[in-house]
Number of protein chains: 4
Amino acid sequence: MSFRNSEVETGANARSGRPRDQVREAEILACVLELLGESGYDGLTFEAVARRARASKATLYRRWDTKRDMVVAAVKAGPASGGGPPAIDTGSLRTDLLALCERLDTTMRTADPTMSLLLLQAGLEDPELCRHIEEATGPTGAKLPARVLAAAIDRGELPAGAQPFPFEEITGSVLLLRRLNGLSTGPEYLAYLVDNILIPALRASVSTTPPTQAIFS
Amino acid sequence: MSFRNSEVETGANARSGRPRDQVREAEILACVLELLGESGYDGLTFEAVARRARASKATLYRRWDTKRDMVVAAVKAGPASGGGPPAIDTGSLRTDLLALCERLDTTMRTADPTMSLLLLQAGLEDPELCRHIEEATGPTGAKLPARVLAAAIDRGELPAGAQPFPFEEITGSVLLLRRLNGLSTGPEYLAYLVDNILIPALRASVSTTPPTQAIFS
Amino acid sequence: MSFRNSEVETGANARSGRPRDQVREAEILACVLELLGESGYDGLTFEAVARRARASKATLYRRWDTKRDMVVAAVKAGPASGGGPPAIDTGSLRTDLLALCERLDTTMRTADPTMSLLLLQAGLEDPELCRHIEEATGPTGAKLPARVLAAAIDRGELPAGAQPFPFEEITGSVLLLRRLNGLSTGPEYLAYLVDNILIPALRASVSTTPPTQAIFS
Amino acid sequence: MSFRNSEVETGANARSGRPRDQVREAEILACVLELLGESGYDGLTFEAVARRARASKATLYRRWDTKRDMVVAAVKAGPASGGGPPAIDTGSLRTDLLALCERLDTTMRTADPTMSLLLLQAGLEDPELCRHIEEATGPTGAKLPARVLAAAIDRGELPAGAQPFPFEEITGSVLLLRRLNGLSTGPEYLAYLVDNILIPALRASVSTTPPTQAIFS
DNA sequence: TGCTAAGCGAGACGGTACGTCCCGTCTTTTA
DNA sequence: TAAAAGACGGGACGTACCGTCTCGCTTAGCA
């Protein structure tokens, strides 16, 4: 039985023997990211990673049980975007929302769809990863910044107490599925989404508390 | 160059040589469905299908270039649900929508998630397949039946001219992604979805025409 | 049960139905020869012949049971060398034999080794084929022409009653095997063969009658 | 690039990584020999060897590039006949030669013809293999034992300085080709071969030195 | 300082699936 | 019937990964 990453991290008892080489690990994960870019998630193999990183397969399996784990670790370890997220403030709720949607759409168009899904899945279980994605790729637009919400309330466009949940719940999933389905997400679509779905839902969001958990980072 | 299924079907010119055995094809597709149930989409292999169907791999590749094609064909050829779809009419828009959401949720819980996605993707490009899924699995709940909409308008719950688009656009994608993410889709969630998102969006749907195409079958 | 070539040829009773197309057959065999040249015997396939000749595989199998049969037929049907065989008469037995050996060696160098063997095998069972090879490829040098033998006897180089058998028995097999083994068959080797093996054996061949059958065409 | 057997054997530099399992290799080659006996050379497949040996095909291809290589290795690794070769000494050159011919003929009758050829080819390039065949199958009779030659010279049946080359050059190839051609190699044939070909050639072999290399182990 | 457990690279190993090719038989249409 | 076309079950091909397992070597940390 070997010890995987999480156990190592949390491992209270010090293990004897030679410790894992953290530098090596970083190099490997860099290769993972490279290969992800070249072959996509499905095309990625342990074998190829080992080859590229001049690492033994054992070295990989010692760290990560599954491809998924490895990829998630790679994204997590990916280069943080030094810069802060360029804030959005266009002067009206409608245009703010449109800007956010476009930003998210761009983010998704960049990554391969399987990756989007993967990160969506993995991200929700791992807040650490969420934060990292935001930092790495810039703000995804999947979250409704508190600032935008507050400004809309100030302007009277939304009632006091409006919640970000409907935006976050709807936007990520709807855009992702349109991508997967090869449907357009052009300006007229986004306008419809904002005007007829998002804004009404946000207006209605004051009455109740959202059930559980937001979606997408 | 060989001729794949679709070309054969649409092929106006009669092809020479021995024709494909449609009976055999049906048997094979039945095996595909069996194996899908047993191993899921990712676990399905050409090899296993050939084994189970006592068919040559060439016989499979002759018909379908990819696993995706084969699976889609299998679903398409699946057993049609002789019975009509049990209509929904609970007496109020809110409970009608809740019933539809539960129905769709159940449908998704049944299939494996990859399959849901797959069919989602394939289905949108292939109306024939859409129809078939509806017939095969019963109404998916992904569509908002005209009857439900009309009844709501009659009762005054929705303005005249309300469109089904927002429902169809949101419900499928949101529920699917929650499933993929392992998030709950319990009653309190569905209630929030209906009350704070769907109904406001439907009320607002009268003003403009929806952009392009509905989602999910 | 279908009727293969030999039966058809010898078939006394006229068969009903459409007769085989002899022209088609010739075209097919031409393709066989082409492909033989391109891919060698082992690389030759029924499939490829059918493709090249735009013939059905059934058409091939109807005529020939095995690849061997087909190839033999092709060689048999190959282009006859209009010209007669350039006779050999160098003035001495020794040089006559050397010339014959070189001629045979050249013949073998031309064809691929498997073919040589094949024809060697097939040829011995089929005198018709033997004759054809001689006519097609020119004299192979495998036979000791009566003329050469007689001249040698006239000159007193061989005793009266000398037999061609030892030459024919030895030369073909020895040269073929050296080829197969990639051993040289250069001038010094041929000289040794003629001087120390063939001539002594021919001199001794007067006493007894050779046992059975000559070798190579 | 991987390293095939010969390179490994001769490899001066120590190779890293897990070494090939020599025990496993022996087991595999034993299976090869079994299957050779059951199906013959042409009938032998990598697939069947893998099955029988419960080995991965990769394990086979790692070692041998071609069927030929594998079979040669198998023969080479075959069970050595601990016992020495039963010497031949019948009291006269003529009967000694006849005995040798019969022995070789028997050897060839045992193996399948393709094998004989194969080993003939491979053997000549690989003296190690030659020796092994002799040890494995007993003396093949392809070589003219020095002892027999010396005895004949002692008895005055051959001139001093007679060479074994003509015997070794002729006998193997002539007998092999008769086998391939399905021609008889009965006593009367062998008698003719010995009396009219081999003995005259051996008598003449004193004058010159044979050119290159003997044939058949 | 020397022991020892683990890390590490390399790559062997049994499996399994891939997608292609050919075998020899069969079924269809057209002549 | 033959012939062209090509479907069909079968099976081998050679390649690629999977996840596990030796190897020989290196390296840290405890004794």
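Quick caveat: nothing in here was measured; it's all calculated off a predicted structure. Numbered from 1 within each chain, the chains take letters A, B, ... in sequence-line order.
The distance between atom CD of A:Glu47 and atom C1' of E:dA17, rounded to the nearest whole Å, is 14 Å. Rounded to whole Å, the distance from CE on C:Met70 to P on E:dC22 is 13 Å. Regarding A:Glu27, its CD atom lies at a distance of 17 Å from the P atom of E:dG7, rounded to whole Å. Atom OH of B:Tyr61 and atom P of F:dG10 are 17 Å apart (whole Å). Atom-to-atom, CZ of B:Arg51 to C1' of E:dC18 comes out at 12 Å; the value is rounded to the nearest Å. If you measure from atom CZ of B:Arg52 to atom C1' of F:dG10, you get 19 Å, rounded to the nearest angstrom. Counting to the nearest Å, the P atom of F:dG19 and the NZ atom of A:Lys67 are 9 Å from each other.
With respect to D:Arg52 and D:Glu27, no salt bridge is recorded, no charged nitrogen being found less than 4.0 Å from a carboxylate O. Taking a cutoff of 4.0 Å between a charged side-chain nitrogen and a carboxylate oxygen, A:Lys57 and A:Glu47 qualify as a salt bridge.
Within the 4.5 Å cutoff, the side chain of A:Arg63 has no heavy atoms near those of the A:Met70 side chain. D:Thr59 places a side-chain heavy atom less than 4.5 Å from the side chain of D:Ser56. At least one side-chain heavy atom of C:Trp64 sits under 4.5 Å from a side-chain heavy atom of C:Leu29.
Contacts between residues 35-46 of chain A and DNA chain E, counted as heavy-atom distances below 4.0 Å, involve no residue at all.
A cation-pi arrangement is present between D:Lys67 and D:Tyr41 under the rule of less than 6.0 angstrom and at most 45 degrees off the ring axis.
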Pairs: protein N or O with nucleotides 3-5 of chain F N or O, under 3.5 Å:
unit_1	atom_1	unit_2	atom_2	d
F:dA3	OP1	C:Asp21	N	2.7
F:dA3	OP1	C:Arg63	NH2	3.2
F:dA3	OP2	C:Arg62	NH1	3.1
F:dA3	OP2	C:Arg63	NH1	3.4
F:dA4	OP1	C:Arg24	NE	2.4
F:dA4	OP1	C:Arg24	NH2	3.3
F:dA4	OP2	C:Thr59	OG1	2.9
F:dA5	OP1	C:Arg54	NH1	3.3
F:dA5	OP2	C:Arg54	O	3.3
F:dA5	O3'	B:Ser16	OG	3.2
F:dA5	N7	C:Ser56	OG	3.1
F:dA5	N3	B:Arg18	N	3.3

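For B:Thr45, there are no side-chain hydrogen bond (donor to acceptor under 3.5 Å, both in side chains) partners, not counting sequence neighbours.
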List the steps, then state whether side-chain contact (heavy atoms from CB on, under 4.5 Å) holds for A:Leu35 with A:Glu38.
-> CA-CA 5 Å; A:Leu35 287 164; A:Glu38 296 170 17; 3.9 Å; yes

